[in-house]
Amino acid sequence: MFVRVCQNQEEVKVSRIYNFSAGPAVLPEEVLQEAADEMLDYKGSGMSVMEMSHRSKVYDTIIKEAEADLRTLMGIPDNYKVLFLQGGASQQFAMIPMNLMRNRKAAYIVTGEWSRKAYEEAQIYGEAIAVASSADENYSYIPDCSDLDLPADVDYLYICENNTIYGTKFKELPNTKGHRLVADVSSCFLSEPVDISKYDVIYGGVQKNIGPAGVVIVIIKEELVSDQCLPGTPTMLKYQTHVKAESLYNTPPSYGIYICGKVFKWLLKNGGLSAMKALNEKKAAILYKFLDESKLFRGTVRPADRSLMNIPFVTGSAEMDDKFVKAAKAAGFENLKGHRSVGGMRASIYNAMPIAGVEKLVEFMGEFEKNNS
Ligand SMILES: *Cc1c(COP(=O)(O)O)cnc(C)c1O
């Protein structure tokens, strides 16, 4: 709960819960507050950002600054293009093969729902090969990817780096054996530093860890951008179209990009991605430690592969899980119900989840355990 003073000087009480949603998810309160303050008049323009032309000078500054700040945050080399697109991460499942499957063959590592969907989508366009999978144990681990059987002519190797639903994360990138690497980082975007040069395409929907739904960020090595797409690829689905127009081929998700830009500035102000990583490790450790010591709750993921962002856990009894989710909700901890494919609970603790949120959750879980054993 916090109190703020409105433009007309009237005090407004705002009540905020702890939101553990997997996405759309929690955003920094400071960013939301700033956006609220600029809602009616963005920096003297007399307009809201959502009302202004994407071709205007003022908007041009917003999108250019967003890109520049993202480049600084992630250390994106000059030979990579940054695109702000629409269609969700799911549209990339098709755009990637349409733009990159030049031999019509690609390798996929299937570690959950999202990589399985990407793998299935790619089969529409060519031969998609599942070279590793953790389906045998309900995706509760990351398979060994140090020596994959990769045909010489695959166009790329595809991974989902952080598995939002199952709560696993690649702690080490697969050995690509010289092939191109494409990674869906939707749910770990900007959660820790990355070495962009290890990837050829890195992309994600922003609604998990960066901004409002409606924006997808694609970072692509420039040499991969060409008009050699599969025949029939729509203009809107060619990376080249958006590279040439600097993400302004058509109307972009302009308000969403503006919020992403604010989140980039918030991250830069708070120490960038290494500071974020330290904080995320601290937050995740609090919850994992509790789960490891608890007699009621337990994590579902092999410890070595645990995500810092999405933490699934169960009690082992569907009724007890249900009771917990309801009690947690009543106590101000929202969206803890697990995904239907894992059951139980899932706490998504993205960058904007304050450490106090995790501490209070663990405290609440301890109380619940005491009262239910
Ligand atoms: C949420 C999610 C998606 C799907 O995102 P949409 O924007 O809804 O298409 C894909 N991949 C991962 C890793 C996700 O977490």
Side-chain angles (χ1 to χ4, degrees), residues 23-25 49-50 52-55 59-60 62-71 73-74 76 79-101 114-115 117-118 121-122 124-125 156 158-162 164 180-190 194 196 199-230 232-264:
V49 172
M50 68 176 93
M52 62 179 59
S53 166
H54 58 293
R55 309 276 177 210
Y59 191 74
D60 196 58
I62 291 172
I63 192 168
K64 293 258 160 60
E65 265 185 36
E67 178 176 338
D69 288 340
L70 181 65
R71 283 184 177 277
L73 266 177
M74 297 183 84
I76 301 173
N79 62 328
Y80 285 77
K81 294 292 183 183
V82 174
L83 301 173
F84 296 100
L85 305 178
Q86 307 191 52
S90 301
Q91 182 158 285
Q92 294 307 309
F93 300 170
M95 262 179 101
I96 287 158
M98 283 176 152
N99 284 266
L100 305 183
M101 249 194 190
W114 298 118
S115 43
K117 281 193 170 142
E121 186 75 7
I124 298 173
Y125 304 99
Y156 57 85
Y158 181 101
I159 61 167
C160 176
E161 196 164 330
N162 185 80
T164 324
R180 298 196 181 277
L181 181 64
V182 175
D184 174 356
V185 297
S186 296
S187 50
C188 58
F189 224 155
L190 306 184
V194 286
I196 299 281
Y199 304 80
D200 295 88
V201 180
I202 179 164
Y203 80 91
V206 305
Q207 74 272 26
K208 308 289 159 66
N209 203 21
I210 304 181
V215 183
V216 177
I217 297 174
V218 176
I219 302 164
I220 180 168
K221 210 178 234 176
E222 197 170 3
E223 67 193 39
L224 274 175
V225 178
S226 80
D227 55 8
Q228 283 178 23
C229 303
L230 296 184
T233 301
T235 308
M236 273 292 286
L237 299 188
K238 293 180 177 173
Y239 290 127
Q240 193 184 45
T241 301
H242 300 285
V243 166
K244 278 187 180 161
E246 299 184 319
S247 300
L248 294 170
Y249 171 74
N250 69 325
T251 319
S254 52
Y255 193 80
I257 295 169
Y258 152 78
I259 299 291
C260 292
K262 284 198 178 298
V263 171
F264 301 154

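Hydrogens, waters and symmetry mates are skipped; everything else that's a heavy atom, side chains included, is used.
Scanning both residues, Lys117 and Phe93, for their nearest heavy atoms gives CB-CE1, 3.7 Å. Between Ile96 and Tyr239, the shortest heavy-atom contact is CG1-OH, 3.3 Å. The minimum heavy-atom distance between Ala122 and Pro97, with the atom names listed, is CA-CG, 4.0 Å. Minimum interatomic distance between Tyr80 and Ile196 (heavy atoms only, all atoms of both residues): OH-O, 3.2 Å. The two residues Pro212 and Gln207 have their closest heavy-atom pair at C-CB, 4.2 Å. Contact between Ala66 and Gly261 at its shortest, heavy atoms only, is CB-CA, 3.9 Å.
Using a 4.5 Å heavy-atom threshold, the side chains of Gln91 and Val216 count as separate. At least one side-chain heavy atom of Ile257 sits less than 4.5 Å from a side-chain heavy atom of Tyr59. No side-chain heavy atom of Val215 sits less than 4.5 Å from a side-chain heavy atom of Gln86. Counting heavy atoms from C-beta on, the side chains of Ile76 and Leu70 come closer than 4.5 Å. Two residues are said to be in side-chain contact when any heavy atoms from C-beta on lie closer than 4.5 Å; Lys64 and Glu246 meet this criterion. Residues Lys81 and His242 have side chains not in contact (no heavy-atom distance under 4.5 Å, counting atoms from C-beta outward). Under the 4.5 Å side-chain criterion, counting only non-hydrogen atoms from C-beta, Val206 is not in contact with Phe84.
The side chain to side chain contact (heavy atoms under 4.5 Å, CB included) test applied to Thr233 returns Met98, Cys229, Leu230, Leu237, Lys238, not counting sequence neighbours. Every residue meeting the side chain to side chain donor-acceptor pair (under 3.5 Å) condition with Glu161, not counting sequence neighbours, appears here in chain and number order: Tyr199. Considering only residues two or more places apart in sequence or on other chains, Glu67 meets the salt bridge (Lys or Arg N to Asp or Glu O under 4.0 Å) condition with Arg71.
The SG atom of Cys260 sits 5.0 Å away from atom CD1 of Ile217, with the distance rounded to the nearest 0.5 Å. The structure places CD of Glu65 at 10.5 Å from CG of Asp60, a figure rounded to the nearest 0.5 Å. Between the OG1 atom of Thr241 and the CG atom of Leu83 there is a distance of 10.0 Å, given to the nearest 0.5 Å. The CE atom of Met74 lies 5.0 Å from the CZ atom of Phe189; values are rounded to the nearest 0.5 Å. Atom NZ of Lys221 sits about 12.0 Å away from atom CG of Leu100, to the nearest 0.5 Å.
Relative orientation of the Tyr203 and Tyr158 rings is tilted, given thresholds of 30° and 60° on the angle between their planes.
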- side chain to side chain contact (heavy atoms under 4.5 Å, CB included) between His54 and Leu248: does it pass, once the steps are laid out? CA-CA 8 Å; His54 58 293; Leu248 294 170; 4.2 Å; yes
Quiz item: Going through the distances and angles, do Val182 and Ile159 end up as a side chain to side chain contact (heavy atoms under 4.5 Å, CB included)?
Solution: CA-CA 6 Å; Val182 175; Ile159 61 167; over 6 Å; no
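Of the residues listed (Leu85, Asn99, Asp184, Val201), the one engaging Gln92 in a side chain to side chain contact (heavy atoms under 4.5 Å, CB included) is Leu85, and it is the only one. When each of Cys188, Ser115, Ser187, Ser186 is paired with Cys160, the side chain to side chain contact (heavy atoms under 4.5 Å, CB included) condition holds for Ser115 and for no other.
The pair Glu223-Arg180 meets the salt-bridge criterion, with a side-chain N (NZ, NE, NH1 or NH2) lying under 4.0 Å from an Asp/Glu carboxylate O.
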